[in-house]
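Reviewing the structure listed below.
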Amino acid sequence: LKRKAKVAFDVSVVTKSCNDITVKSGNFINITPKEIDDIECDYIKFVADIDQRFDDVFGQTIAKEKLRAITSRLKKTEIQEVTLPKGYILTGAPGTGKTLLATAMAGECEMSFISVDANELLTSDGASKVNKVFEIAEKYSPAIVFIDEVELLLQNRAKTSGIQHLVTNAFLTAMDGISTNDNQIFVLAATNFANDLDPAVSRAGRFEEVIKCDLPNVEEISTALPQLLTHYGLTINANKFTFIAEQFVGESFATINKLLRNTLFCTQNLADKEATFDILLPLINDEKYGKKITESDEQHQRLVAYHEAGHLVSYINHFSLASVKSVSVEKREKSSGFCHISINNDVYRNKTRISHFIQSILAGRAAEELFLGNAEYITSGCQNDLERATKMAKTAIKSFGYSASGLADLSQFEEYTHDTKSEVIKWLDEEYEKSKELLIRNRKLLDLYAELLMEKKHIYTHDIAKIWLAYQSECSSKSSNVLA
């Protein structure tokens, strides 16, 4: 899936021998490198010639577009009149390809690649290590310096002291010393926690842009999946291709690779090596929700069925039938059931959409109350739903201007706590009642989905659509717009 670097070695095992390089883990042939006698640092990894390109990285359309813009300028050898940025920060969930993007950028620019794990620099001599990294980068320039897990190195200095503080200062000083018009050194850093970084990190003249590396969407997965299947020697039924691609939404390409590799193990005794629905879907669900656990309490499973059916009815009413990909009441290590949805993030952008989302999150609890007949018997399984709904409402009130107190970003004030708490509770109570009213109006649909879940344990889009269309047809025949 990715080309190997022509020259790659860990500098801790490199020894100088005339014009050749001897590597304890193996020998590379036909190498003419620069002198490396001064790279005797076990915390630095050096790649002199990378064959990887942006096209080798799946997904990340927007991130690659931003990196290509600076790449075209870094490849110019002459001094430029326009000041170039000194570095970018790549942020995103684990496995989204931040390191691959950094190596691909070095390959595109035909620059040396110097990689350092931030944790290796947090020692008593960390400041001198930082200086050594930039000395080596300057000597073997043009070079890309890549710092992984940079949040460990550049934490907010208001929350650190001692060695951490000194190393952060040393790094920022070293970046300030980089020339901005000769294209010799460019710094890329990767983090999963961009909010933890010191504010001085992203000011002009240092890391001038934070580039988000998102999890792949269904279009990016559909584009990459044929290549991944070919790599593993697997096939997928053409009629199931789109459906299976949709099931991968929410997973990184690193996880998708892992799942396909496990699928290969499961099909190794099969002649056609087909990644069938029955093989692949359980692996995906195991990854997302944990391994299955035997459920011995049928009454509890029925309660879970109503809980998930409540989510289902609300989501297809407020969003669309296609928004729900699968629903399960199979007890797993991470949950007693789940409702897998796929909704564009843009749905959060106005108050009505946020309200619909909160209603759908709280619909599981509302369905439990209707099934049990008494709110006092609702289970603690609703805790995660309450946490998500509370966080969404709190963010909307504090930062989106939806507070009854008026237009302001309340998160900038320390004295907002009490009013915000009251507003969040009031909003959630209102949305919960609306959610319950919706389920009462559509109690038959709720019962149908709950019974189907008890029968099949796991239902998919086609199962959901079949009952929904029959229900809509029945409502139309009675001239009753139940969901209006």
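Just so it is clear, the structure is predicted and the values come from calculations on it, not from any experiment.
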Leu469, CG atom: more than 12 neighbouring heavy atoms under 6.0 Å: yes
Parallel, tilted or perpendicular: rings of Phe319 and Phe357 (30°, 60°): perpendicular
For the student: nearest non-hydrogen atoms of Ile279 and Leu283, plus distance: O-CG, 3.4 Å
Lys258 NZ: over 12 foreign heavy atoms closer than 6.0 Å: no
Sole candidate of Val150, Asn195, Thr191, Asn192 that passes side-chain contact (heavy atoms from CB on, under 4.5 Å) when paired with Thr91: Thr191
Lys/Arg N to Asp/Glu carboxylate O, Asp214 vs Lys212, below 4.0 Å: yes
Minimal non-hydrogen separation, Ala305 against Ala450, with atom names: CB-O, 3.7 Å
Salt bridge flag under 4.0 Å for residues Arg365 and Asp385: no
Sub-4.5 Å side-chain heavy-atom contact between Thr103 and Phe146: no
N-O pairing of Lys64 and Asp55 below 4.0 Å: no
Donor-acceptor contact present, side-chain Arg332 to main-chain Gly290, <3.5 Å: yes
Flag, side chain of Lys98 to backbone of Gly92, donor-acceptor distance under 3.5 Å: yes
Heavy-atom closest contact (Leu215 atom, Glu220 atom, distance): O-OE1, 4.4 Å
Short N-O contact, Asp447 and Lys444, less than 4.0 angstrom: no
Sole candidate of Ile221, Asn257, Leu259 that passes side-chain contact (heavy atoms from CB on, under 4.5 Å) when paired with Leu228: Asn257
Side chain to side chain contact (heavy atoms under 4.5 Å, CB included) between Glu368 and Tyr306, worked out: CA-CA 6 Å; Glu368 285 194 27; Tyr306 269 89; 5.8 Å; no
His307 side, atom NE2; Leu303 side, atom CG - distance, nearest 0.5 Å: 8.5 Å
Contact check, side chains of Val218 and Ser222, non-hydrogen atoms, under 4.5 Å: yes
Ser320 backbone acceptor or donor facing Ser323 side chain under 3.5 Å: yes
Min side-chain heavy-atom separation Leu312-Ile316 under 4.5 Å: yes
Heavy atoms of other groups near Glu209 CD, more than 12 under 6.0 Å: yes
Distance-only donor-acceptor check, side chains Thr255 and Ser252, under 3.5 Å: yes
Between NZ on residue Lys325 and OH on residue Tyr315, distance to nearest 0.5 Å: 13.5 Å
Check: Lys288 side chain, Gln247 main-chain N or O, donor-acceptor pair, under 3.5 Å: yes
Shortest non-hydrogen contact from Ala63 toward Cys213: CB-SG, 4.4 Å
Whether Tyr460 and Phe243 hold their rings parallel, tilted or perpendicular, with breakpoints at 30° and 60°: perpendicular
Greater than 12 external heavy atoms within 6.0 Å of Glu298's CD: no
Backbone N/O of Gly107 and side chain of Gln52: donor-acceptor pair under 3.5 Å: no
Main-chain N/O of Leu281 paired to Asn285 side chain as donor or acceptor, under 3.5 Å: yes
Phe241 vs Pro226 side-chain heavy atoms within contact, under 4.5 Å: yes
Distance-minimising heavy-atom pair for Ser314 and Ser360: OG-OG, 2.9 Å
Whether Ser328 side chain and His458 backbone form a donor-acceptor pair below 3.5 Å: no
Salt-bridge contact Glu451-Arg302 (side-chain N to carboxylate O under 4.0 Å): yes
Expected output: side-chain Glu108 to main-chain Arg68 donor-acceptor under 3.5 Å: no
Over 12 non-hydrogen atoms of neighbours within 6.0 angstrom of CD in Gln301: yes
4.5 Å side-chain heavy-atom contact, Tyr289 and Glu330: no
Derivation and outcome, side chain to side chain contact (heavy atoms under 4.5 Å, CB included), residues Ile62 and Lys66: CA-CA 6 Å; Ile62 296 176; Lys66 291 183 177 180; 4.1 Å; yes
Side-chain heavy-atom pair Phe338, Ser326 within 4.5 angstrom cut-off: yes
Test item: Tyr402 side-chain N/O and Lys351 main-chain N/O as donor-acceptor pair under 3.5 Å: yes
Taking every non-hydrogen atom, the tightest pair across Thr96 and Gln60: O-NE2, 3.0 Å
Aromatic plane relationship, Phe253 with Phe58 - under 30° parallel, 30 to 60° tilted, over 60° perpendicular: tilted
Backbone N/O of Glu138 and side chain of Ser141: donor-acceptor pair under 3.5 Å: yes
Arg206 vs Val201, side chain to side chain contact (heavy atoms under 4.5 Å, CB included): CA-CA, chis, key distance, verdict: CA-CA 6 Å; Arg206 290 173 180 165; Val201 168; 5.9 Å; no
Tyr449 and Val327: CA distance, side-chain angles, deciding distance, side chain to side chain contact (heavy atoms under 4.5 Å, CB included) verdict: CA-CA 10 Å; Tyr449 279 132; Val327 186; over 6 Å; no
